[in-house]
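Worksheet for the structure shown next.
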Amino acid sequence: MAERESLNYATGTAMCGIAGVRHLDGTAVSVDLLRGMAGQLIHRGPDDSGVWAEESVGFAHTRLSIIDIAASRQPMVGAGGRAHLVFNGEILNYRELRRGLSYPFKTDGDTEVLLALHDKYGPDGVKLLRGQFAYAVHDTATGSIHLFRDRLGILPLYYYADSRVFAFASEIKALLPVIDSTRIDEDSLHDYLAHRSVPAPHTLIKGVRKVPQGHHLVVELDGTVKLTRYWEFPKATDVRTVRPAEAVQLVGEALTASVREALVADVPVGTYLSGGVDSSLVSALASRERGGDGLHTFSAGFGDARLDETSYARRVADIIGSNHHEVLVTADDFQRSWSKLTWHRDAPLSEPADVAVFRLAQLAREEVKVVLSGEGSDELFGGYPKYRFAELTRWAIPSGIPLRLLERSLASRGARMRVAMRALSESTHAERMRGWFAPFTALERLAILGRSPVRCSLPPYLEGEGDALSRMLYADAHTWLADNLLERGDRMSMAASLELRPPFLDHRLVELAFALPSNVKVRGFKTKWVVKQVARQHLPSAIVDRPKVGFKVPLDDWFRAGLRDMAFDLLTGPSSFVGTNFNAAVVKDLLAAHSSGERDEQSRIWTLLSLEVWHRELVKQLNQRLEI
């Protein structure tokens, strides 16, 4: 018998969360199980929650109300009762789609549009969507469950399958009540040390998988799982021949249209404003679209003159006339928040800036429910310094040149040169591309783990087409962006019950970016040239042309001061997961060399510490579950 009930929670900690279960032996799904899964996602949707169960299938949903606030409750049943749906995200063109559908609509929001599309087009309806989304549809006529994840992987979607059950959820923690035995996927440790995250479809939990970006997964009645790609990046043959001025016009028009759509909401919308080009441009366009009226902007500082960009953010805020807000992030914030945010991330915090992004989200949530960010611009248009040297990754360095020894001899202040030497010392083109962002090289991973990888996680570095820059951008969009930055952005914003929207990742703008020639991205040794030319139309040269800083945290000093003892205790103590499973001598050498100032090992220490904190948090969660 079907059950649909509203669970109105009086309080919540942190856009929407979805979950679902299919028992493959046909036994009924427990409503209590669904409530338990929803309870793990309440921070994603503190405004409302609901469950639906019918025989061996059940869905759960938690909601952060953004559009059609009073209605569009979920799980939602389609006309005629054939389809049930749970949905996380925003369909930015839902009004346009709705006008082309003959369907007995009962609500005014985007959720029911998904049911109408599925009713008319089946799974192919996903190809008509613009926005960020993860959703599931159970078709009672066929017994199939369909899962869809947006083209760029802005919103998360995980699943677990064995011989008895299939389950899915927005976050891994909501799957834990379904999994009989939770074990670490040791095969993923090599991937983690190479990326500070685990590329899709794998995770650090054995048996738990991510639905990759731009994919459709279908689960049949017998438990058969089929995964297909419904969208992919343009091929090298799609690259256009355009004049630089034409490229600037195209990017400007596409980004403006994306920002305009991203502002659609029935609640207040703000922007992150770091003072860098991307967030400043998005903020300027958002302010212009709103007629300069009441835009809230938010930035974070670290109390370190080397990395503080708040003065630039204030200048941009003055130019566009926004209501600007700032927060100061300290080492104490890291110690207080690390475990809590690791629980939200369901994985090691991949970047030191994760904690700062959370504090920024907390600040923004005091004023708005939705915030726009500049995420994705670097990976689409060549914004990182490494892209200037993309061509070098094609060539192997002669074995007689001891790059690794030279790298270790550099003073800690030569960080970018050290990164370049580490990357170029790798043995293959794919590893050299990966090496620019890898905390540990291939040889270092082998030394610290004591074993070779059993699977290859290099396909994104092998599948790209075109010139060296195009291949590097393709790889970064499939790994660094999808599994690191976007995952971070979603979890840290959801931890504060804030919806994050990145206008650069409108798929039309992404398709345009990959169809543009490389010479409008990195031009005359200038990175992200075409975006900066667009920005010049709205911002002064002092903002557009200043050196890229990025959202960096002064960990080098913190690991020699306030966080030093914590690092030694967690990584070398008798209960340490890292100390027990990794080469202890290598770990101690990293800590000692950084502490003495001999080398700057902040990236590798952070990577190991994050893994340790995650493992401890996982063990704590599992113990709490056993006590219930």
Side-chain angles (χ1 to χ4, degrees), residues 11-14 40-44 46 171-173 196-197 272 274 298-304 306-310 325-367 371 484-485 487-498 500 551-573 575-578 591 594-595 602-603 605-624:
T11 60
T13 57
Q40 294 296 308
L41 300 172
I42 195 64
H43 54 282
R44 298 190 69 90
E171 298 181 8
I172 293 175
K173 63 179 66 65
R196 290 198 293 276
S197 60
Y272 285 155
S274 70
F298 309 92
S299 66
F302 305 100
D304 187 318
R306 299 171 303 164
L307 307 174
D308 198 322
E309 297 185 284
T310 52
H325 312 265
E326 295 179 1
V327 63
L328 178 67
V329 183
T330 68
D332 288 342
D333 287 316
F334 277 71
Q335 289 184 298
R336 286 194 302 266
S337 304
W338 211 328
S339 293
K340 171 187 174 181
L341 296 182
T342 296
W343 180 86
H344 280 286
R345 183 73 188 255
D346 279 324
L349 297 187
S350 56
E351 299 299 314
D354 288 16
V355 177
V357 172
F358 168 67
R359 294 286 287 117
L360 196 57
Q362 281 186 311
L363 175 70
R365 188 61 177 85
E366 295 175 5
E367 305 289 342
V371 69
N484 186 323
L485 301 184
E487 190 172 303
R488 180 266 302 282
D490 173 81
R491 297 312 189 284
M492 297 304 100
S493 59
M494 284 292 95
S497 298
L498 180 76
L500 183 70
F551 208 18
K552 294 181 180 177
V553 178
L555 278 183
D556 53 347
D557 286 348
W558 290 358
F559 280 148
R560 295 187 181 107
L563 299 181
R564 179 187 180 281
D565 291 343
M566 182 187 75
F568 273 89
D569 290 345
L570 290 181
L571 296 180
T572 64
S575 62
S576 171
F577 172 79
V578 169
L591 292 167
H594 185 86
S595 182
Q602 60 175 304
S603 173
I605 294 173
W606 170 267
T607 301
L608 297 179
L609 264 179
S610 289
L611 180 66
E612 182 66 34
V613 173
W614 167 77
H615 184 265
R616 291 177 183 232
E617 183 61 35
L618 177 66
V619 170
K620 184 170 74 174
Q621 286 186 61
L622 297 177
N623 288 339
Q624 289 173 345

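What's counted below: heavy atoms across the whole structure, side chains too, no hydrogens, waters or symmetry copies.
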Query - Closest approach of Leu363 to Glu326 (non-hydrogen atoms, all atoms of both residues) - result: CD2-C, 3.6 Å
**Report entry** Shortest non-hydrogen separation from Ala567 to Leu591 and the atoms involved
**Finding:** CB-CD2, 4.0 Å
Report task. Identify the residue among Glu171, Glu487, Gln40 that makes a side-chain contact (heavy atoms from CB on, under 4.5 Å) with Asp346. Result -> Glu171
Query raised in the report: When you check the side-chain N and O atoms of Glu612 and Ser576, is any donor under 3.5 Å from an acceptor?
Result: yes
Report summary line: Heavy-atom closest pair (Ser197 atom, Asn484 atom, distance to 0.1 Å) is OG-CB, 4.0 Å
Query raised in the report: Under the side-chain contact (heavy atoms from CB on, under 4.5 Å) criterion, do Met566 and Leu609 qualify, and how do the steps go?
Result: CA-CA 9 Å; Met566 182 187 75; Leu609 264 179; 4.3 Å; yes
Query raised in the report: Tell me, do Leu500 and Tyr272 make a side-chain contact under 4.5 Å, heavy atoms counted?
Result: yes
Query - Minimum-distance pair of heavy atoms, taken over all atoms of His594 and Gln602 - result: ND1-N, 3.6 Å
Query raised in the report: To the nearest 0.5 Å, how far apart are CD in Glu351 and CZ in Arg488?
Result: 6.5 Å
Query raised in the report: Cut-off 3.5 Å, side chains only: do Arg365 and Gln362 have a donor facing an acceptor?
Result: no
Query - Nearest-0.5 Å distance that lies between atom CG in Leu611 and atom CG in Leu571 - result: 9.0 Å
Report summary line: d(Ser337 OG, Asp354 CG) to nearest 0.5 Å is 11.5 Å
Query raised in the report: Ser350 and Arg345: side-chain donor and acceptor closer than 3.5 Å?
Result: yes
**Report entry** Exercise: identify the closest heavy-atom pair between Ser493 and Ala361
**Finding:** CA-CB, 3.9 Å
Report task. Check each of Trp606, Phe358, Trp614 against Leu349 using the side-chain contact (heavy atoms from CB on, under 4.5 Å) test, and report the only one that passes. Result -> Trp606
Query - Minimum heavy-atom distance between Leu498 and Ala364, given as atom pair plus value - result: CD2-CB, 3.9 Å
Report task. Drop me the distance from Lys173's NZ to Glu617's CD, to the nearest 0.5 angstrom. Result -> 9.0 Å
Query - Member of Val355, Val357, Val613 meeting the side-chain contact (heavy atoms from CB on, under 4.5 Å) criterion with Leu341 - result: Val355
Report task. Determine whether the side chains of Ser603 and Arg196 contain a donor N or O and an acceptor N or O closer than 3.5 Å. Result -> yes
Report task. Measure the spacing between CD1 of Ile605 and CZ of Phe568 and express it to the nearest 0.5 Å. Result -> 7.5 Å
Requested in this report: Kindly indicate whether the side chain of Arg616, heavy atoms from C-beta on, has any atom under 4.5 Å from the side chain of Ser339.
Outcome: no
